[in-house]
Amino acid sequence: MARLHLPLIPSGEITPEPVYLNRRRFMQVGTAAVLAPLLPSAQAADPLAGLAPLSSRPGPFGANEPLTDIAAVTGYNNFYEFGTSKTDPAENAHTLRPHPWSVTVTGACAKPANYTLEDLLKGQALEDRVYRLRCVEGWSMVIPWVGFPLSSLLGRFQPTRNAKYVTFTTLYDPEQMPGQRRSVLPWPYVEGLRMDEAMHPLTIIAVGLYGRVLPNQNGAPLRLVVPWKYGFKSIKSIVRISFDETAPTTTWNRAAPKEYGFYANVNPAVDHPRWSQKRERRIGELFRRDTLPFNGYAEAVASLYQGLDLKRNF
Ligand code: MTE
């Protein structure tokens with residue numbers, strides 16, 4: 001990932017404060033289904049306006065911080081399958097067809113099969129989860145996701161004792177994802193978690209944001225969100241889940257092993273070889289702020305890494 005010098009979001013794209021506060025209050029009560037009608041002045045510019053509302057309930061683990069504006073959440077993205085600049089995904093991801101969709105489940109589990117999106121979502125109670133996202137490039141956002149715990153999905157496949165890791169794979173289809181015609185990364189995009197990380201209650205599968213179905217550029221129809229890890233772990237548009245005995249070689253680790261390790265826990269004490277990870281710029285803010293260990297979720301997750309040398313296991 002190239003070092004990024006973050007342009008501030010143009011002032012015309014910043015949501016006026018009353019609208020913003022309305023939105024914030026709205027997300028807190030967790031009934032985002034009627035977002036647009038409540039926000040008449042933002043309606044025309046709302047990039048989620050055409051997407052179906054999701055009905056969800058407030059979940060645990062809310063980040064008590066102002067939300068990042070929708071325009072940035074949906075317009076300033078990393079999704080190299082649609083180009084390497086931050087505005088490419090919003091411009092190009094319309095070629096992705098997130099429905100019909102299916103996910104192949106394989107490896108060390110009792111119920112390997114090809115599951116349709118409908119199978120996977122059946123009976124899942126959608127929750128609002130406001131999480132910080134800290135990109136390895138040095139910027140961060142606060143995003144109101146709609147999703148469900150990954151554990152409640154993985155449990156259905158009955159992983160066996162040999163399942164020590166979970167590997168996720170993004171769709172490979174250069175017709176739908178034209179960025180895959182260029183070998184900027186080894187395709188398809190692959191990510192993985194240790195089983196205990198995958199089953200942690202903070203780890204979710206997101207199907208929406210800001211109370212609406214996930215826009216293509218954010219990883220429709222299913223994307224992983226692991227808030228204590230750098231953003232690149234949150235793999236988008238997943239088509240394969242595999243239960244494995246050994247850790248997979250992940251895309252960024254394959255592309256640049258000295259720069260991106262398997263764990264990728266947000267850690268201000270371990271610099272990226274080419275830049276510091278001590279501070280970050282929250283999108284929409286002028287001044288940098290300190291990056292927190294585990295992105296501020298240390299209390300919930302630090303115990304997963306007891307005894308592990310986090311400088312070596314970066
Ligand atoms: N998933 C896929 N398939 N391809 C990608 O290029 N980029 C990652 C991650 N998931 C990426 C991906 C990176 S580097 C980040 S920071 C986050 O997605 C960005 O998520 P967002 O665009 O929804 O903010």
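Numbers here simply count residues along the sequence, with the first being 1. Order of listing sets the numbers, starting from 1, for every ligand and every atom in it.
Between the CZ atom of F168 and the OH atom of Y189 there is a distance of 12.5 Å, given to the nearest 0.5 Å.
Checking only distances, Q217 never comes within under 3.5 Å of ligand 1, N or O to N or O. Here's the thing with W139: none of its N/O atoms is less than 3.5 angstrom from an N/O atom of ligand 1. At under 3.5 Å, a nitrogen or oxygen of E81, whether backbone or side chain, sits near a nitrogen or oxygen of ligand 1.
For ligand 1, the atoms sitting less than 4.0 Å from at least one non-hydrogen atom of C135 are 16 (S), numbered in the order shown with element in parentheses. Which parts of ligand 1 touch F79 is read off a 4.0 Å heavy-atom cut-off, strictly below it: atoms 2 (C), 3 (N), 4 (N), 5 (C), 6 (O). Close approach of ligand 1 to T170 (heavy-atom distance below 4.0 Å) involves ligand atoms 3 (N).
With salt bridges taken as basic N to acidic carboxylate O contacts below 4.0 Å, one links R282 and E65.
At a heavy-atom distance under 4.0 Å, only side-chain atoms of R223, from C-beta outward, approach ligand 1. Residue N77 touches ligand 1 through backbone and side chain together, judged by heavy-atom distances below 4.0 Å.
Note on L292: it does not cluster hydrophobically with F61, by side-chain heavy-atom contacts below 4.5 Å among ILVMFWY residues.
With distances taken over non-hydrogen atoms, the option nearest atom 8 (C) of ligand 1 out of Y189, Y80, Y76 is Y189.
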Could you walk me through whether T106 and T104 pass the side chain to side chain donor-acceptor pair (under 3.5 Å) check? CA-CA 6 Å; T106 173; T104 301; over 6 Å; no
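When each of V207, D128, L209 is checked for a side-chain contact (heavy atoms from CB on, under 4.5 Å) with L54, only V207 meets the rule.
Of the N and O atoms on the side chains of Q277 and T291, not one donor lies less than 3.5 Å from an acceptor on the other residue. A donor-acceptor contact under 3.5 angstrom links the side chains of Y263 and R194, judged on distance only.
Taking 4.0 Å as the cut-off, S234 counts as a neighbour of ligand 1 on heavy-atom distance.
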